[in-house]
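Atoms within a ligand are numbered from 1 in the order they appear, just like the ligands themselves. If you're wondering where the values come from, they're calculated on a predicted model, not measured in any experiment.
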Amino acid sequence: MKNVSTHYAVEAKDIIKEYQMGDSVTRILKGVSLQIAQGEFVSIMGPSGSGKSTLLYILGGLDNPTHGSVLMNGIDISKFSDNKKSVMRRRNIGFVFQFYNLIPNLNVEENIMLPLLLDGKYMKDYQKQLAQIVDIVGLSNRRKHTPRELSGGQQQRVAIARALINNPEILFADEPTGNLDSKIGTEIMDLLREINQETNRTIIMVTHSQEAAQSSSRTITVRDGVIL
Ligand code: ADP
């Protein structure tokens with residue numbers, strides 16, 4: 001009989017994260033285990049300082065746990081070298097941040113293409129993909145604008161497009177609506193939900209907003225470094 005493997009998109013096993021501050025060690029994550037299936041849209045909620053962003057960055061390979069491991073599609077990324085991890089992030093993962101993190105002097109298309117350009121790819125080979133993604137995020141009439149010529153909501157759309165240009169399996173978002181008013185925040189959440197439902201892409205999002213969390217299919221609550 002064929003052995004059917006059931007890997008999670010992301011699995012955390014007993015994650016502990018500590019920071020050394022002078023002589024004392026502070027434990028931020030105190031043994032977090034979780035499983036997120038492919039295609040899920042998960043919100044991570046909890047009070048400020050509870051360790052949500054730390055957990056998100058560890059799940060996405062942007063930060064290392066002190067102990068424990070993170071598996072992506074069954075592969076333990078905590079054992080990867082920094083170089084292998086950054087290649088993995090550029091090719092398999094998209095990140096969206098609260099403050100967009102766009103490059104001010106690059107236009108919309110160039111910002112979106114950045115992960116591929118950094119990976120040694122050429123803009124001319126991705127025109128069709130780029131046009132599709134610009135259309136999905138609703139910026140077809142803003143392609144040559146620079147970030148300062150765009151509203152906050154439009155800048156976040158550029159950041160989402162940049163996160164999608166690699167066709168990543170997983171999208172990580174840290175407070176994606178945290179800097180936006182509620183109407184624009186709702187539009188961004190509608191876009192993320194559409195991306196989740198139409199492409200069955202896994203989304204893992206940290207949010208303070210109950211309203212934003214309602215767009216997701218499951219909420220994980222973190223308090224004082226543990227999952228409730
Ligand atoms: P949340 O996202 O839930 O607001 P964070 O994960 O950002 O929480 O932070 C959790 C705790 O870890 C906070 O008390 C924060 O000060 C601390 N912390 C985060 N990063 C560092 C760091 N690089 N060095 C020391 N402490 C940190």
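Smallest separation of non-hydrogen atoms from Gly185 and Thr177: O-CG2, 3.5 Å.
The side-chain contact (heavy atoms from CB on, under 4.5 Å) with Pro65 is formed by just one residue from the set Ile15, Leu55, Asp14; it is Ile15.
Summarising the local packing, NZ of Lys13 is surrounded by 12 or fewer heavy atoms from other residues, nucleotides or ligands at distances under 6.0 Å.
At distances below 3.5 Å, not a single donor-acceptor pair connects side-chain atoms of Thr221 with backbone N or O atoms of Met45. Listed for the Lys17 side chain is no donor-acceptor partner under 3.5 Å among the backbone atoms of Arg27.
In this view, Arg162 satisfies the salt bridge (Lys or Arg N to Asp or Glu O under 4.0 Å) rule with no residue, not counting sequence neighbours.
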May I have a table of the N/O to N/O pairs between ligand 1 and the protein that fall below 3.5 Å, each row giving the two atom names and the distance to 0.1 Å?
{"unit_1": "ligand 1", "atom_1": "2 (O)", "unit_2": "Ser53", "atom_2": "N", "d": "2.9"}
{"unit_1": "ligand 1", "atom_1": "2 (O)", "unit_2": "Ser53", "atom_2": "OG", "d": "2.8"}
{"unit_1": "ligand 1", "atom_1": "3 (O)", "unit_2": "Gly49", "atom_2": "N", "d": "3.4"}
{"unit_1": "ligand 1", "atom_1": "3 (O)", "unit_2": "Ser50", "atom_2": "N", "d": "3.1"}
{"unit_1": "ligand 1", "atom_1": "3 (O)", "unit_2": "Ser50", "atom_2": "OG", "d": "3.4"}
{"unit_1": "ligand 1", "atom_1": "3 (O)", "unit_2": "Gly51", "atom_2": "N", "d": "3.0"}
{"unit_1": "ligand 1", "atom_1": "3 (O)", "unit_2": "Lys52", "atom_2": "N", "d": "2.9"}
{"unit_1": "ligand 1", "atom_1": "3 (O)", "unit_2": "Lys52", "atom_2": "NZ", "d": "2.8"}
{"unit_1": "ligand 1", "atom_1": "4 (O)", "unit_2": "Gly49", "atom_2": "N", "d": "2.7"}
{"unit_1": "ligand 1", "atom_1": "6 (O)", "unit_2": "Ser53", "atom_2": "N", "d": "3.4"}
{"unit_1": "ligand 1", "atom_1": "6 (O)", "unit_2": "Thr54", "atom_2": "N", "d": "2.9"}
{"unit_1": "ligand 1", "atom_1": "6 (O)", "unit_2": "Thr54", "atom_2": "OG1", "d": "2.5"}
{"unit_1": "ligand 1", "atom_1": "8 (O)", "unit_2": "Gly51", "atom_2": "N", "d": "3.2"}
{"unit_1": "ligand 1", "atom_1": "20 (N)", "unit_2": "Tyr19", "atom_2": "OH", "d": "3.4"}

